[in-house]
2 protein chains.
Amino acid sequence: MHAQVIDTLKKNQLSITDSRKTILQLFMESDGALAHMDIENNTGEEFDRVTIYRTLQTFVEKGIIHTIPSADNAIRYALCKDACSEGHHHDNHIHFMCDNCSTTYCLDHVVVPSLQLPVGFRPSRTDMVVSGCCNRCSK
Amino acid sequence: MHAQVIDTLKKNQLSITDSRKTILQLFMESDGALAHMDIENNTGEEFDRVTIYRTLQTFVEKGIIHTIPSADNAIRYALCKDACSEGHHHDNHIHFMCDNCSTTYCLDHVVVPSLQLPVGFRPSRTDMVVSGCCNRCSK
DNA sequence: CGTTTTTTGCAACTATGTTGCAATGTGGTA
DNA sequence: TACCACATTGCAACATAGTTGCAAAAAACG
Ligand SMILES: [Mn+2]
Ligand SMILES: [Mn+2]
Ligand SMILES: [Zn+2]
Ligand SMILES: [Zn+2]
């Protein structure tokens, strides 16, 4: 068990519970993003579905993980690496979903380009998701 | 009834049915994107849920409409304005979802910027969705 | 028309996500 | 360490999203 798990929970003033420890650990061990189902599969019968949903919600609110939208109706989640805090995310990197292995990557070094929007449109958040063939699958 | 409705269906070699006519008409009259539920609400009990899903699927395959991903688990659809064809979409514009009125706009004149991806990542499609306050709501 | 082919409606099912409430667990304090 | 207040969990029930198989109905086509 990563010491960082407990650390992160404490830093965010969250009580230390089994589900939070296990789920946060899962994120830290995984290089891709995780959907609810991935977590359920990896924790077995250990936690109720509702608990997983609520844990994810809490982590998002605290700025520990961020969401990645998709066109397949399964929201994915990944660890925030920037200085995200309660109610304020700064994950302005792009995401890549592999059509082949369906791994979802945070491309932390590829920044979302800024845009010139038509008059009257005031942006608050930009999601950029590229799909295609990932580096492992294109070998 | 727009003559263009029948026209578009014929051009795509689709048989002319009530559901296709009604749903395509709906898209032509609407300026924003539509989710499945919007269509169900606007057509009453006229069509079965499954028929609506299948009609949307057919329209996407034919290049008549395109999907817009979101983080709220409701895929939205909008008319393709570029020269999209069967199995080949060219809608490289960005989308804007209003946090206030939740209208989803195709910003046809705002082109998705190109990106430098890490080595090995081969893109096939890019979705860029900006959320914030739309021009009508920011007045 | 009548025949062939496509589309539709229905039933049943899976996946995703939310809410209320009682039971349990955690953190802080005596 | 034992107790208490409060936060978190599990369960049941519900809501929305989407899929599949199959028989009935409707289009297309001659
Ligand atoms: Mn990310
Ligand atoms: Mn569009
Ligand atoms: Zn891959
Ligand atoms: Zn608006």
Side-chain angles (χ1 to χ4, degrees), chain A residues 1 5-26 33-62 64-65 67-77 86 97 102 104, chain B residues 1 5-26 33-62 64-65 67-77 86 97 102 104:
Chain A
M1 159 80 67
V5 168
I6 307 266
D7 223 54
T8 301
L9 292 176
K10 281 192 177 157
K11 223 176 270 173
N12 286 280
Q13 303 170 71
L14 291 172
S15 37
I16 318 292
T17 67
D18 283 353
S19 52
R20 286 175 182 167
K21 279 189 290 186
T22 307
I23 293 172
L24 185 50
Q25 171 99 13
L26 250 184
L34 301 173
H36 172 269
M37 192 48 98
D38 298 321
I39 296 169
E40 210 172 328
N41 291 339
N42 269 284
T43 52
E45 302 280 290
E46 202 173 346
F47 310 112
D48 192 84
R49 291 174 53 250
V50 179
T51 301
I52 298 177
Y53 280 116
R54 288 198 269 228
T55 303
L56 291 171
Q57 215 174 271
T58 303
F59 286 177
V60 170
E61 280 161 12
K62 289 292 185 177
I64 299 172
I65 61 179
T67 57
I68 304 166
S70 79
D72 71 353
N73 275 62
I75 301 176
R76 286 165 181 78
Y77 302 85
E86 184 143 9
M97 295 189 51
S102 66
T104 300
Chain B
M1 160 82 64
V5 168
I6 307 267
D7 223 55
T8 301
L9 292 176
K10 280 190 177 158
K11 222 176 273 171
N12 286 280
Q13 302 170 73
L14 291 172
S15 39
I16 317 291
T17 67
D18 282 354
S19 53
R20 287 176 181 167
K21 280 189 288 186
T22 307
I23 292 173
L24 185 49
Q25 171 97 13
L26 248 184
L34 300 173
H36 172 269
M37 193 46 99
D38 297 320
I39 296 169
E40 210 173 328
N41 291 339
N42 268 285
T43 53
E45 303 279 288
E46 203 172 347
F47 310 113
D48 192 82
R49 291 173 56 249
V50 179
T51 301
I52 298 177
Y53 280 116
R54 287 198 269 229
T55 303
L56 291 171
Q57 215 174 269
T58 303
F59 285 178
V60 170
E61 281 161 10
K62 288 292 185 175
I64 299 172
I65 60 178
T67 57
I68 304 167
S70 78
D72 72 352
N73 273 62
I75 301 176
R76 286 164 181 79
Y77 302 85
E86 186 142 7
M97 296 190 50
S102 67
T104 299

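Below, chain A is the first sequence line, B the second, and so on; all start at residue 1.
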Residue pairs involving residues 43-59 of chain A (criterion side-chain hydrogen bond (donor to acceptor under 3.5 Å, both in side chains); sequence neighbours excluded): none

Length of the line joining A:L56:CG and C:dT18:P, which is rounded to integer Å: 10 Å

Any pair counted as salt bridge (Lys or Arg N to Asp or Glu O under 4.0 Å), so long as it reaches residues 5-14 of chain A, sequence neighbours left out: A:D7-A:K11

Main-chain N/O of B:D38 paired with B:N41 side-chain donor or acceptor, under 3.5 Å: no

Check against side-chain contact (heavy atoms from CB on, under 4.5 Å), B:I75 and B:H36: CA-CA 8 Å; B:I75 301 176; B:H36 172 269; over 6 Å; no

Smallest separation among heavy atoms of A:I52 and A:E40, with atom names: CD1-CA, 4.0 Å

Between P of C:dT7 and NZ of B:K21, the distance in whole Å: 15 Å

Between the protein and nucleotides 2-4 of chain C, list every N/O to N/O distance that falls short of 3.5 Å.
none

Verdict with reasoning, A:F47 to A:D18, per side-chain contact (heavy atoms from CB on, under 4.5 Å): CA-CA 9 Å; A:F47 310 112; A:D18 283 353; 4.0 Å; yes

Terminal axes of the helix from C:dC1-D:dG30 to C:dA30-D:dT1 (five pairs each): angle between them, nearest 10 degrees: 30°

Protein-nucleotide distance (A:E40, atom CD; C:dT16, atom P), rounded to Å: 8 Å

Spatial distance of atom CD1 (B:I65) from atom CD1 (B:I23) [nearest 0.5 Å]: 8.5 Å

N/O (side chain, A:S19) to phosphate O (OP1/OP2, D:dT9) under 4.0 Å: yes

Heavy-atom protein contacts under 4.0 Å, nucleotides 11-20 of chain D, coded B base, S sugar-phosphate only, - none: BB----BBBB

Separation of atom CZ in A:R20 from atom P in C:dG25, rounded to whole Å: 15 Å

Taking every non-hydrogen atom, the tightest pair across B:R76 and B:S102: NE-O, 4.4 Å

Atom of B:P69, atom of A:A71 and distance for their closest heavy-atom approach: CB-N, 3.8 Å

Nearest heavy atoms of A:Y77 and A:L56, plus distance in Å: CE1-CD1, 3.7 Å

Atom of A:S70, atom of A:M97 and distance for their closest heavy-atom approach: CB-SD, 4.0 Å

Rounded distance (Å) that lies between atom C1' of C:dT16 and atom CZ of A:R76: 13 Å

Close residues, residues 9-18 of chain A, relative to DNA chain D [heavy-atom separation under 4.0 Å]: A:S15, A:T17

Taking every non-hydrogen atom, the tightest pair across B:A33 and B:I68: CB-CD1, 3.7 Å

Rounded interatomic separation in angstrom, taking CZ from B:F59 and C1' from C:dT7: 12 Å

Inter-residue atom distance B:R20.CZ - B:I6.CD1, 0.5 Å rounding: 12.5 Å

